[in-house]
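Read the structure below first, then the notes.
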Amino acid sequence: MSDQDSSLPTASDSQEDQPQSDVPATETAPDAPTADAPPVTDALNEAPPDSVPDADAPNSTSTTSLPRPQSAATPLHPFLNRKDAYVKPEQRLPEDSELALAKAFLMTQSDKSNLNLYDHLTEVVMQILETRPTNAIDTFETISADIKRSHFSIDRPNAPGAFYKSLDVAPASEIGAAQVKLFERSALDASASSEETDGEIPDIMDLANLWEWAGVSFGKEETFMLFLSLKRLVTEKPLKSVRLWGKILGTSKNYIIIEGELRDGAEDEDEAIANGNPSEEAGEEIEEQEEEKAGDGDEGEEGAEKKANLELPKRKVKLVVPLPKEERVGVNKYVYYTCNYAGGAWTRLPDVIPENLQLARRIRKYFTGDLSHKIVSYPPFKATEAQYLRCQIARISAATVVSPAGYYAFDQEEDADDDEEGGANQRIIINPEYETLPNDQLVDPANWVHHVPYVLPQGRVTWENPTPPKANDEDGEDGDEER
C-alpha cells in the first residue's frame, strides 16, 4: 500500500476514535470504560480537551499543548444550573433538592432590613390577588414598594433617609380623569340645554387675551378647562353670575378661586357644610367663659373658708360677645368656590367671621393648598386654612378691585332699608349711560374708584356695637323719662 493509502483512516480506526454513548440502541453499555475507550462525558457540559493534534504532521502521534481555558468561578450556590460554569454530571443534584435549596436561598434574610425575598414575593402576590388591580404588571413595582415600606420603621419620619408613602394614583392621572368628565356628551348636552336658565358666565377665552397683554396668563388649555368647569358649576349651584376671581399659589397645591352671586331667594345647600354652624360654636364659647367665671367663684369660696384672714386676688373674666356676621351683604355678599386645578371639584368657602378677619390682619402664613390644614400662629387663629383663605380674599377684594369712575351705579330700585345703613350694602349695577373715557384719561389714577366696600377694623362693612345695652338699662331709662 502506498504512503497516501496509509494516511487514510480506516473503519476500525474511526470506530475507536468515536466516544461510546451511555446507552447504545442495540448493545448493553459496559459497566466501566475500557483503557481504549474515552471516558463518558456529557455532550452539553463537555470539558474542552487539554491538547489538539498538530495539523502539519498528520502521521505524527505527538500533540501540541494548548492552555486550558479557565472555567467560570464556582457559584455561590452550586445547585443553580448556570450556563457560564461547568458542573460535572456526578455533582448535579436531583430536581427536588435543587428546589429545596432554591427556596432556602430565597429565604435568606437581608443584613440591612432583616427581610427575605420569599416572604416579600408571597405578600406581593397575596396583595395582587386581594385587590385585583386592572393592570397588575404596571402596578407591581408600586405594590412591592408599599409592602416594603410597611415593614420599615424609623424613629424620625422626617429624616432625610426616611421612606415616603407612594401615591396610589399619580396626580397627573387624577387630573386627567377629572378633566375628561368635562368633555362627556351628557355634561355638554345638559349645559347647552340650560343656558337660558343658568347664571351669567363671562367670556373667559376673550378675557384671557387681555390678561396676556398685561403679562398674566393661565394658558390656553387651562383657560378652556376653566370655562367648561364654570359652565358645569352654574348648572349645579343656584348662582346668578360668576367670574374668575384669581389664583393663589400654595406650597403643595394652588387655589383657583371663583366669585359668584346667589340668586334672590335661593337656598344655598353648601352654606351649612362650609360654615359648620358658627352660631353654635359662639354659644359654646360663651358657656365656657361663664363656667370659668363660676369656677373662679367656687374656688374663691373654698379659699375663703381655708384662709379667712388672707384675701386672694380674683381674676376678672370679661365676657366677649362675638360680633354677628353679615348675611349676604358686606363681606359676605358673594360666595366663593375654590379648586386645586382646572376641572377639579369645586368647594365652597365659609363666610367671613369678624373675629377671624381681625386675626387674619395680624398674622402672616403661607398657603399649603389644603383647606383642612390647621393654622398655627400667634395670636392663635382658631380656624382652618379655609377660613384664613376666605378672610384674605375679602381683604384683597376690598383693597384691589377697582373700576373706572361712573362704570357702576347704585340700583335705584332697592328697598329703602339699605339707605338707612349709609348705602354700604346697596346693590350696584352697570351704569347703562356710562361713556368710555379716552385712553389718556384712563392712565390717570384719579379716574379709578373702588366699587367694593371698605372693611372696617372690626371685620365688617357696617359698624356693629360690640356692647349692646342691656334690657335692665333700657327699662331704667324709660322709667326716668316717664318721671
Side-chain angles (χ1 to χ4, degrees), residues 175-176 178-249 254-264 266 268 333-349 393 396-397 400-409 411 427-439 441-443 447-452:
I175 295 174
Q179 293 179 347
V180 165
K181 296 180 180 179
L182 299 176
F183 294 91
E184 292 180 356
R185 191 64 186 176
S186 59
L188 296 176
D189 294 341
S191 59
S193 60
S194 57
E195 286 182 355
E196 298 180 357
T197 58
D198 293 339
E200 299 177 0
I201 303 177
D203 190 357
I204 298 181
M205 301 303 297
D206 189 20
L207 294 176
N209 297 327
L210 302 178
W211 299 337
E212 290 181 0
W213 294 345
V216 179
S217 175
F218 286 90
K220 296 292 185 181
E221 182 178 353
E222 187 173 359
T223 304
F224 184 69
M225 292 294 178
L226 284 174
F227 175 71
L228 296 179
S229 184
L230 283 180
K231 292 184 66 176
R232 171 173 288 190
L233 180 64
V234 296
T235 58
E236 297 175 352
K237 308 297 180 182
L239 297 176
K240 183 179 181 180
S241 62
V242 294
R243 77 178 186 93
L244 179 61
W245 185 87
K247 183 177 183 179
I248 294 180
L249 304 181
N254 303 327
Y255 289 121
I256 299 177
I257 302 166
I258 296 297
E259 180 184 271
E261 184 178 3
L262 295 173
R263 298 175 184 173
D264 297 337
D268 189 5
K333 180 179 180 180
Y334 301 100
V335 293
Y336 293 87
Y337 294 86
T338 182
C339 65
N340 298 121
Y341 53 87
W346 294 103
T347 303
R348 187 191 186 279
L349 294 177
I393 290 174
I396 295 173
S397 298
T400 61
V401 177
V402 295
S403 61
Y407 182 78
Y408 287 102
D411 191 359
R427 180 184 176 185
I428 58 174
I429 58 175
I430 298 177
N431 186 7
E433 300 178 357
Y434 172 75
E435 296 181 359
T436 306
L437 299 176
N439 294 335
Q441 296 185 11
L442 291 176
V443 177
N447 294 324
W448 293 82
V449 296
H450 292 271
H451 64 266
V452 176

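Remember, predicted model here, so these are calculated numbers, not experimental data. Along the sequence shown, residues carry numbers from 1.
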Intermediate values then yes/no, side-chain contact (heavy atoms from CB on, under 4.5 Å), V449 and S403: CA-CA 6 Å; V449 296; S403 61; 4.3 Å; yes
Please tell me if the side chains of [X] and [Y] come closer than 4.5 Å, counting only heavy atoms from C-beta onward.
X	Y	answer
L437	Y407	no
Y337	I257	no
I393	S397	yes

Flag, side chain of N431 to backbone of A409, donor-acceptor distance under 3.5 Å: no
Can you measure from [atom1] ([X]) to [atom2] ([Y]) and round to the nearest 0.5 angstrom?
X	Y	atom1	atom2	value
K220	E212	NZ	CD	4.5 Å
D264	K240	CG	NZ	5.0 Å
M205	L226	CE	CG	10.0 Å
Y336	L349	OH	CG	9.5 Å
F183	F224	CZ	CZ	5.0 Å
I258	L230	CD1	CG	4.5 Å

If I compare all heavy atoms of [X] with all of [Y], which pair ends up nearest, and what's the gap?
X	Y	result
S229	W346	OG-NE1, 2.7 Å
V335	R348	CG1-NH2, 3.2 Å
L182	G343	CD1-CA, 3.8 Å
Y434	A405	CE1-O, 3.5 Å
W448	L442	NE1-O, 2.7 Å
L244	I256	CD1-CG2, 4.0 Å

Verdict with supporting geometry, I428 and D411, side-chain contact (heavy atoms from CB on, under 4.5 Å): CA-CA 5 Å; I428 58 174; D411 191 359; over 6 Å; no
